[in-house]
Amino acid sequence: MKAKELQELLDFIAKSGLNKVNIETEEFKISVQRDPNTKTVFSQAAPAAAPAAPAPVAAAPAPAPAAAPAAAPAATEASAASHKALKAPMIGTFYRSSGPDAPAFVQVGDMVEKGQVICIIEAMKLFNEIEAEESGRIVKALVDNATPVEYDQPLFLIE
């Protein structure tokens, strides 16, 4: 299963409101379970021919209530004329630096070049470097460090 297909599947499950989903094919087995503490837990097991010990893939808090994401697009639309939003290419946990003691990749007011790493999104225990799609100045950081982000959620505004 490709990363994009997995992303779409997880988005569908998250929107469905189901608390537990198990899917098994010849290639993989995936189990998604949401506990009562509003966390979403993902786990994946090896193919049926391989040992059946499941390996945890990721655990992240469930998406924020619908009211919070609605506020971010409204703010983005107001400044869309002169600012472009850099959006999350995947669901995961947003980090502004490469480690807890490391400096942030970018600060508000910094000039960035196209292709420059500006943050990291952790998805399924993989740290994905997110690059600027165009050159410009960081006007605003829209997401707090170490918080979950949704696919296509604005992360930064670039002028």
What pair of heavy atoms forms the shortest contact from [X] to [Y], and how long is it?
X	Y	answer
Glu113	Ala132	O-CB, 3.6 Å
Met90	Val149	O-CG2, 4.1 Å
Val143	Gln153	CG2-NE2, 3.8 Å
Ile91	Glu150	CD1-OE1, 3.8 Å
Pro103	Ser97	O-CB, 3.2 Å
Gly136	Ile158	CA-CG2, 3.8 Å

Student check: side-chain heavy atoms of [X] and [Y] closer than 4.5 Å:
X	Y	result
Phe156	Val106	yes
Glu133	Leu86	yes
Lys140	Leu142	yes
Phe105	Asp110	no
Ile120	Ile130	no
Ile121	Leu155	yes

Applying side chain to side chain contact (heavy atoms under 4.5 Å, CB included) between Met111 and each of Gln116, Glu159, Arg137, report the one that passes. Arg137

So, taking the atom named OH in Tyr95 and the one named OG1 in Thr147, what distance separates them when rounded to the nearest 0.5 Å?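 It comes to 9.0 Å.
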
Would Val117 and Phe127 show up in the same hydrophobic cluster when neighbours are defined by side-chain heavy atoms closer than 4.5 Å? yes

Is the backbone N or O of Ala146 less than 3.5 Å from a side-chain atom of Thr93, with the two atoms forming a donor-acceptor pair by type? no

